[in-house]
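Reading through the structure tokens given below for one structure.
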Amino acid sequence: MNYSSVRTGVLGATGYTGRELLKLLAAHPRTSVVLATSQSEAGISARRVVRSAPDLPLVRVEDADLSSCDVVFSCLPHGDSARWARRARAAGARVVDLSSDLRVPDTDEANGDEIAVYGLPELHRERIRGCRLIANPGCYPTAALLALTPLLRRGLISGPVVINAASGVSGAGRSAKRELLFAEVAEDFRAYAVGNVHRHLAELRDQSARLANGATPELVFTPHLLPVKQGILETIYVPLSRPLGTDPMAPWEEDFGAEPFVTLVRDGTPAIQDVVGSNRVAIAVTPVEGMASPLLIVSAAIDNLIKGAAGQAVQNMNLMLGIPETEGLSC
Ligand SMILES: NC(=O)c1ccc[n+]([C@@H]2O[C@H](COP(=O)([O-])OP(=O)(O)OC[C@H]3O[C@@H](n4cnc5c(N)ncnc54)[C@H](OP(=O)(O)O)[C@@H]3O)[C@@H](O)[C@H]2O)c1
């Protein structure tokens, strides 16, 4: 393949993650966008959606020539996305699926379908290189898994992990919903999917179990709706089997110190504005004082649309194709 011009297609190009992908792919030195889909805006130019996109008419996904692409990104709602991801694979394209459909492979294994590689490069880089089907991780799990990996790998967790996570409103997608109207969310702050019923728990549990060799800690995951456009902040409470010593950041330094998209924050804790617009995750660790047994707070911030979606998808594409991993992305 000629990597100076990788032909890319974006399914669901008018959604929040699809628009972010159009921007990133238009600015990427080795990609051109040759296909973009929308159901409600078919016929208008992709340039009307994103100024830097090519002057290309949006087509309905049913009319898309998937074989015209080297790489297809599926930014469709979960439930619909996997079907189109598989059609794109059958048409010969490599695929990055941004939905949750392919992230927990049990049913695919049972059906004999091609199994997607879980596209969290900081954990699975070698498996992503050269693969053809990627399940791009969820936004909340990206932050939580990068925050918890050093503890899971080392068996340092001794009890239930409480993940309190807050996301900007773009996390819910662009389709109109009454509870997401400005007057409903502005100047308010609320939890939702309380009681471990959020869709992302399945992938969080699956990946945590793999990292901990099956010895998964229990997770309590409570998402909150934050009245900002984009960004996620997670505050994670972890009971430890032993104190972490004089430099509690040492396990993260060892695992992620050389990672281009991981920032370890040593002076304070990360804020959303530290990462919005970038493909970075910012992580801090803080031992809790005055506890009878050791407790650690791990804080993690990402941009849900970039490291939590479109940026990570481009990072995965770069790896799949052997392009330098950081190309087209802001560190
Ligand atoms: N938002 C986030 O922070 C985030 C982060 C990580 C992963 N994700 C996942 O990424 C995917 C896209 O999320 P999003 O937030 O970008 O969604 P979105 O803003 O709601 O956009 C969905 C896109 O899919 C198109 N679409 C909707 N229903 C369709 C159907 N039945 N057939 C074909 N096209 C259809 C829409 O087209 P028209 O409306 O133009 O017709 C639109 O372009 C979802 O699976 C989501 O779970 C989202």
Side-chain angles (χ1 to χ4, degrees), residues 9-24 33 35-46 48-50 53 57-64 66 72-88 95-104 116 118-120 134-145 165-177 180 193 198-204 223-226 228-234 272 275-277 279 281 301-316:
V10 179
L11 311 185
T14 51
Y16 285 142
T17 60
R19 292 194 314 185
E20 213 56 50
L21 258 169
L22 281 185
K23 280 185 219 161
L24 289 170
V33 178
L35 170 72
T37 80
S38 161
Q39 305 307 92
S40 62
E41 298 185 69
I44 74 158
S45 170
R48 293 259 302 274
V49 178
V50 166
L58 295 169
V59 295
R60 291 175 62 81
V61 70
E62 298 82 359
D63 301 328
L66 300 168
V72 167
F73 296 89
S74 181
C75 305
L76 302 179
H78 66 94
D80 287 312
S81 196
R83 187 159 50 97
W84 290 102
R86 297 217 179 273
R87 286 193 188 176
V95 173
V96 182
D97 180 16
L98 278 80
S99 82
S100 56
D101 287 351
L102 302 173
R103 292 179 196 151
V104 184
Y118 190 74
L120 194 47
I134 287 191
N136 213 55
C139 45
Y140 285 127
T142 291
L145 289 168
S167 170
V169 183
S170 60
R174 198 169 169 228
S175 62
K177 296 174 195 97
L180 297 178
H198 194 278
R199 193 173 61 248
H200 283 162
L201 262 162
E203 117 190 45
L204 263 173
H224 296 69
L225 184 63
L226 191 63
V228 300
K229 225 167 67 175
Q230 65 199 82
I232 283 179
L233 180 67
E234 300 190 3
I272 280 174
V275 292
V276 165
N279 194 50
V281 56
I302 60 167
D303 185 324
N304 57 300
L305 295 180
I306 304 188
K307 184 59 177 164
Q312 186 138 267
V314 170
Q315 191 181 353
N316 280 318

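Just so you know, residue 1 is the first one in the sequence shown, and it goes up from there. Counting starts at 1 for both ligands and their atoms, in listed order. Please read all numbers here as calculations on a predicted model, not as lab measurements.
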- prompt: Side chain, backbone, both or neither: which part of Ala13 comes within less than 4.0 Å of ligand 1 when only heavy atoms are counted?
  reply: backbone
task: List the closest protein heavy-atom neighbour of atom 21 (O) of ligand 1: residue, atom name, distance to the nearest 0.1 Å.
output: Gly15 CA, 3.1 Å
statement: Atoms of ligand 1 under 4.0 Å from any heavy atom of Ser99, numbered from 1 in the order shown, are 45 (O)
- prompt: To which of Gly173, Ser40, Cys75 does the heavy atom nearest atom 22 (C) of ligand 1 belong?
  reply: Cys75
task: Under 4.0 Å from a heavy atom of Gly171: give me the atoms of ligand 1 that qualify, with their elements.
output: 1 (N), 2 (C), 3 (O)
statement: atom 35 (C) of ligand 1: closest protein heavy atom, distance to 0.1 Å, is Gln39 CG, 3.7 Å
- prompt: Counting from 1, what ligand 1 atoms have a heavy atom of Leu305 closer than 4.0 Å?
  reply: 1 (N), 2 (C), 3 (O)
- prompt: What protein heavy atom sits nearest atom 30 (C) of ligand 1, and how far away is it?
  reply: Asp80 OD2, 3.9 Å
- prompt: For Lys177, does the NZ atom have more than 12 heavy-atom neighbours from other residues, nucleotides or ligands under 6.0 Å away?
  reply: yes
Nearest non-hydrogen protein atom, atom 13 (O) of ligand 1: Thr17 OG1, 3.7 Å
message: I'd like to check which ligand 1 atoms, numbered from 1 as shown, lie under 4.0 Å from a non-hydrogen atom of Leu98.
response: 7 (C), 8 (N), 9 (C), 10 (O)
statement: If you compare Gly168, Ser170, Pro141 by their heavy atoms, the one closest to atom 1 (N) of ligand 1 turns out to be Ser170
query: To which protein heavy atom is atom 6 (C) of ligand 1 closest, and what is the distance rounded to 0.1 Å?
result: Gly308 O, 3.2 Å
For Tyr16, the ligand 1 atoms whose distance to one of its heavy atoms is below 4.0 Å: 16 (O), 19 (O)
- request: Report yes if some heavy atom in the side chain of Glu203 is under 4.5 Å from a heavy atom in the side chain of Pro137; otherwise report no.
  value: yes
Contact atoms of ligand 1, heavy-atom distance to Val61 under 4.0 Å: 33 (C)
message: Counting only heavy atoms closer than 4.0 Å, does ligand 1 sit against the backbone of Leu76, its side chain, both, or neither?
response: both
Sub-3.5 Å N/O-N/O distance, Arg174 and ligand 1: yes
- request: Just jot down the ligand 1 atoms closer than 4.0 angstrom to any heavy atom of Ala309, in number order.
  value: 5 (C), 6 (C)
query: Is there a side-chain contact between Gln230 and Ser167 (heavy atoms, below 4.5 Å)?
result: no
- prompt: Among all protein non-hydrogen atoms, which one is nearest to atom 47 (O) of ligand 1, and what is the separation to 0.1 Å?
  reply: Arg199 NH2, 3.8 Å
- prompt: Between Leu58 and Thr14, is any pair of side-chain heavy atoms under 4.5 Å apart?
  reply: yes
field: Pairwise side-chain contact, Arg19 with Val10, heavy-atom cut-off 4.5 Å (strictly under)
entry: no
message: Within a 6.0 Å radius of atom CZ on Arg48, are there more than 12 heavy atoms belonging to other residues, nucleotides or ligands?
response: no
- prompt: Just how far is it from atom CD of Glu20 to atom OG of Ser170, taken to the nearest 0.5 Å?
  reply: 8.5 Å
query: To the nearest 0.5 Å, what is the distance between CG (Leu102) and OG (Ser81)?
result: 7.0 Å
message: Counting non-hydrogen protein atoms only, what is the nearest one to atom 28 (N) of ligand 1? Give residue, atom name and distance.
response: Pro77 CG, 3.5 Å
task: Kindly confirm or rule out an N or O of Pro137 lying under 3.5 angstrom from an N or O of ligand 1.
output: no
- prompt: What is the distance from atom CG of Asn136 to atom CG of Asp97, rounded to the nearest 0.5 Å?
  reply: 8.0 Å
- line: dist Thr17:OG1 -> Leu98:CG (nearest 0.5 Å) comes out at 5.0 Å
task: Using distance alone, decide if ligand 1 has a nitrogen or oxygen within less than 3.5 Å of any nitrogen or oxygen in Arg103.
output: no
- prompt: Stepwise, does the side-chain hydrogen bond (donor to acceptor under 3.5 Å, both in side chains) test hold for Asn279 with Gln315?
  reply: CA-CA 9 Å; Asn279 194 50; Gln315 191 181 353; 3.1 Å; yes
task: Show which atoms of ligand 1 fall inside a sub-4.0 Å distance from at least one heavy-atom site of Ser38.
output: 38 (P), 40 (O), 41 (O)
message: To the closest 0.5 Å, what do you measure between CG (Leu66) and CG (Leu11)?
response: 6.0 Å
message: Would Gly138 count as a polar contact of ligand 1, with the cut-off being nitrogen or oxygen pairs under 3.5 Å?
response: no
task: Kindly indicate, with the supporting measurements, whether the criterion side chain to side chain contact (heavy atoms under 4.5 Å, CB included) is fulfilled by Lys229 and Val169.
output: CA-CA 5 Å; Lys229 225 167 67 175; Val169 183; over 6 Å; no
field: Shortest protein heavy-atom distance from atom 42 (C) of ligand 1, along with the residue and atom involved
entry: Thr14 OG1, 3.5 Å
Contact check, side chains of Ile272 and Leu226, non-hydrogen atoms, under 4.5 Å: yes
